[in-house]
Amino acid sequence: MHACTVMTTSLRNIIARHNPVALIDSSLCNSNCNASVALARVRQIHAHLLVQGLLYDSLLFHRFIASVALLSANDNGISSTSSHHHHLLLLLYSHRLLDHSPHPPNAFVLNSLIRAHSKVPDLENAFRFYRRLLRSLSPDRFTFTFLVSACARGSTSTTAGAAVHAAALRRGFASNPHVHSALIRMYVEFGLPNAARLIYAEVQNPDIVSRTAMLGALAAAGEIDLARELFDCMPSRDPIAWNAMIAGYSQLGRSKEALELFSSMQSEGLRVSEATLVSVLSACAHMGALDQGKWVHAYMKRNMLHVTVMLGTALVEMYSKCGDVERAMDVFWRMQEKNVYTWSSAMSGLVINGAGNECLGLFGLMKDHGVPPNGVTFVSVLRGCSVAGLVEEGRRHFDSMRDQYGIEPWHEHYGCMVDLYGRAGRLDDAVDFINSMPIEPHAGAWGALLNACKIHRSIELGEYAMKKMVEIESTNDGAYVLLSNIYAESRMWGGVNDVRESMKAKGVKKEPGCSVIEVDGEIHEFFVGDKSHPRYREIEVMLQVMSKRLRLAGYTAKTKESGCSNAAINSWAPQLKS
DNA sequence: TTAGGGTTAG
């Protein structure tokens with residue numbers, strides 16, 4: 001090890017004597033090392049530059065500062081707490097270099113520092129360097145690109161972003177293509193897609209990047225059909241534009257169109273990137289398209305694509321949502337690197353497939369691996385306890401959220417606790433829990449109680465929960481259906497009628513249920529009462545056969561909301577083919 | 001010497 005170090009060091013010295021810039025580049029910028037190794041190299045190079053007297057060269061010094069700052073913006077393995085710590089140390093190092101620099105900073109250095117802080121994001125420091133720049137220099141197109149992206153990533157209020165936008169306008173940089181697209185992105189991030197539209201309209205002939213950013217804005221606003229028009233009119237489309245469109249469909253639940261677009265993308269022979277596959281897998285997960293999902297997985301293997309954390313997580317998600325929890329866990333265990341998303345997806349996959357104890361077991365392992373859980377993880381933990389009927393353990397986990405992990409429980413967690421008590425038949429505890437909540441109970445908490453009342457046939461409490469729920473969310477069709485079912489199960493037909501009347505009076509409509517399956521890559525949708533499928537007659541006959549077989553096997557249908565899962569329907573799908 | 005758009009979990 002020693003000999004090796006000595007050799008590389010002397011080699012570097014030789015290079016450095018001739019070209020110190022090459023040393024900085026090759027050791028820092030072009031290397032793929034983690035933050036802690038990078039920090040050690042920074043110290044080495046700093047010492048070297050100092051000893052050689054090279055820091056008197058202002059260009060070189062500035063380049064060194066910029067490299068150190070930008071090194072911290074590389075997100076190589078930033079997943080762990082310790083690497084995050086080293087990234088911060090790199091940033092601090094760049095601050096100190098600037099503070100002790102004998103040369104007045106130029107725009108390049110300050111821009112680089114703003115950029116580095118835009119990635120953390122650390123708005124306070126980004127603006128500190130911006131103000132420093134304003135003192136003696138003029139901000140340029142780079143400054144605004146970085147500052148806008150800092151605001152997009154790190155702003156909780158829109159004020160700072162709007163101020164930067166105003167400054168960019170005043171200085172004539174708002175129509176620079178880079179600043180322009182960053183501004184669109186920023187307003188989308190602020191939840192102001194209409195502001196993004198105004199900015200988009202201000203430029204005569206936007207380039208592909210601004211068009212793609214606008215595509216994202218329209219999808220964010222739910223205007224997916226307008227987005228499609230924009231997409232179709234684009235003079236050229238690169239893989240990122242395709243991804244934006246596919247992701248838009250996927251996020252809005254228009255999975256069928258997402259998959260259709262994916263196949264058009266393929267027929268145009270375009271390169272398929274990780275982002276595309278993640279969106280496609282997410283669309284498959286959403287609609288339970290196991291065959292398509294398997295095809296994507298096979299595609300990845302065929303093309304020897306590396307299963308990154310994101311792709312692996314998307315695969316786990318897809319398999320478990322399609323009901324194939326064995327394959328989901330197989331992918332999970334094979335993954336080299338797992339983050340909190342991966343663990344949470346696997347846990348939720350187990351719990352939605354009824355494996356509460358396994359979900360809790362995985363939670364234990366996750367903690368053993370030193371991955372800190374977050375709020376989403378705890379939703380699965382609490383649901384796991386609910387499924388497994390572990391009331392006290394659930395309570396302990398709930399309390400540990402705040403006490404051990406500093407996570408303030410969300411409405412969802414309170415809802416899970418009500419569900420936990422309610423399912424276990426402890427309706428009084430559920431009510432006490434709601435009454436002792438430090439935040440105003442949301443409709444979901446009362447909904448969980450209502451559901452528990454349905455399971456345990458508690459009519460009076462159910463009526464009360466319903467009343468509370470309607471007070472908060474008067475148009476929640478699910479609540480009416482649940483209460484109606486409570487009455488129906490107790491053969492209180494008058495109550496059923498009352499519910500129907502009050503739904504009519506309040507204008508509440510039951511959304512038609514929809515089921516989607518995929519056979520041989522073709523997507524079939526069925527709405528309640530919908531007879532438009534070309535093979536409707538055959539399907540109806542098959543359903544009768546299936547119900548008969550199920551009854552013979554001892555299955556009795558419960559109530560309407562306990563429908564067949566997509567996975568169960570998919571297992572019958574082959575019979576539809578013939 | 002520094003840039004912008006798409007991508008995961010309840």
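Residue numbers start from 1 in every chain, and the chains themselves are labelled A, B, ... in the order their sequence lines are given, proteins ahead of strands. Not measured: the values here are computed from a predicted model.
Relative to the side chain of A:Gln251, the nucleotides B:dG10, B:dT7, B:dG5 differ in distance, and B:dT7 lies closest. The side chain of A:Thr212 lies closest to B:dG5, out of B:dT8, B:dG5, B:dA3. Considering only side-chain atoms of A:Val379, the nucleotide from B:dG10, B:dT1, B:dG5 that sits closest is B:dG10. Closest approach to the A:Glu274 side chain among B:dT7, B:dG10, B:dT1 is made by B:dT7 (side chain taken as heavy atoms from C-beta onward). Nearest to the side-chain atoms of A:Glu317 among the listed nucleotides B:dA9, B:dA3, B:dT2 stands B:dA9. Looking at the side chain of A:Phe146, the nearest of the listed nucleotides B:dG10, B:dG5, B:dT2 is B:dT2. Among the nucleotides B:dT8, B:dT2, B:dG10, the one closest to any side-chain atom of A:Ser380 is B:dG10.
Interface remark: the A:Asp207 side chain does not form any donor-acceptor pair with the B:dG5 base, using a distance-only criterion of under 3.5 Å. You'll find a donor-acceptor pair under 3.5 Å spanning the side chain of A:Ser181 and the base of B:dG4, going by distance alone. At a cut-off of 3.5 angstrom, counting only N and O atoms as typed in the model, there is a donor on one side and an acceptor on the other between the side-chain of A:Asn374 and the base of B:dA9. Counting distance only, with no hydrogens placed and no angle test, the side-chain atoms of A:Asn176 and the base atoms of B:dG4 include no donor-acceptor pair under 3.5 Å.
When all heavy atoms are compared, the tightest approach of A:Ala346 to A:Leu362 is CB-CD2, 3.6 Å.
Taking atom CG on A:Asn111 and atom P on B:dT2, their separation rounds to 11 Å, with Å as the unit. The separation between A:Asp419 atom CG and B:dG10 atom P is 17 Å, rounded to whole Å. Between the CG atom of A:Leu70 and the C1' atom of B:dA3 there is a distance of 11 Å, rounded to whole Å. Rounded to whole Å, atom P of B:dG10 lies 14 Å from atom CE of A:Met366. In this structure, A:Tyr130 atom OH and B:dT2 atom C1' are separated by 17 Å, rounded to whole Å. Between the P atom of B:dA9 and the CE atom of A:Met318 lies a distance of 14 Å, rounded to the nearest Å. Straight-line distance from the NE2 atom of A:His306 to the P atom of B:dT8: 18 Å, rounded to whole Å. Atom CG in A:Leu382 sits roughly 20 Å away from atom P in B:dA9 (whole-Å rounding).
Residue A:Ser273 is in base contact, counting any heavy-atom pair closer than 4.0 Å across all strands shown. When heavy atoms are screened at a 4.0 angstrom cut-off, A:Ile208 is found touching base atoms of the nucleic acid. Residue A:Arg383 is in sugar-phosphate contact alone, with no base atom involved, counting any heavy-atom pair closer than 4.0 Å across all strands shown. Here A:Ala247 lies in heavy-atom contact (under 4.0 Å) with sugar-phosphate atoms only. A:Glu412 comes within 4.0 angstrom of a base, heavy atoms only.
The ring-ring contact (aromatic ring centres under 6.0 Å, His included) test applied to A:Phe190 returns A:Tyr187, not counting sequence neighbours. With sequence neighbours excluded, the residues forming a ring-ring contact (aromatic ring centres under 6.0 Å, His included) with A:Phe378 are A:Phe363, A:Tyr405, listed by chain and number.
Annotation: proximity of residues 341-364 of chain A to DNA chain B (heavy atom, distance under 4.0 Å) is found for A:Tyr341, A:Ser344, A:Ser345, A:Ser348, numbered in ascending order.
Here A:Lys321 reaches the OP1 or OP2 of B:dG10: one of its side-chain N or O atoms lies under 4.0 Å away. Side-chain N/O atoms of A:Arg115 include one lying less than 4.0 angstrom from OP1 or OP2 on B:dA3.
Between A:Phe262 and A:Trp242, a ring centre-to-centre spacing not shorter than 6.0 Å is recorded. For an aromatic pair to be called close, the ring centres must be under 6.0 Å apart, and A:Phe398 with A:Tyr414 satisfies this.
One side chain, A:Ser282 or A:Ser250, offers a donor N or O that lies under 3.5 Å from an acceptor on the other. For the residue pair A:Ser345/A:Thr342, the side-chain donor-acceptor check at 3.5 Å is not satisfied. Judged by distance alone, the side chains of A:His178 and A:Thr145 never bring a donor and an acceptor atom under 3.5 Å apart.
The aromatic rings of A:Phe144 and A:Tyr130 sit perpendicular, their planes meeting at an angle over 60°, well past the 30° parallel limit.
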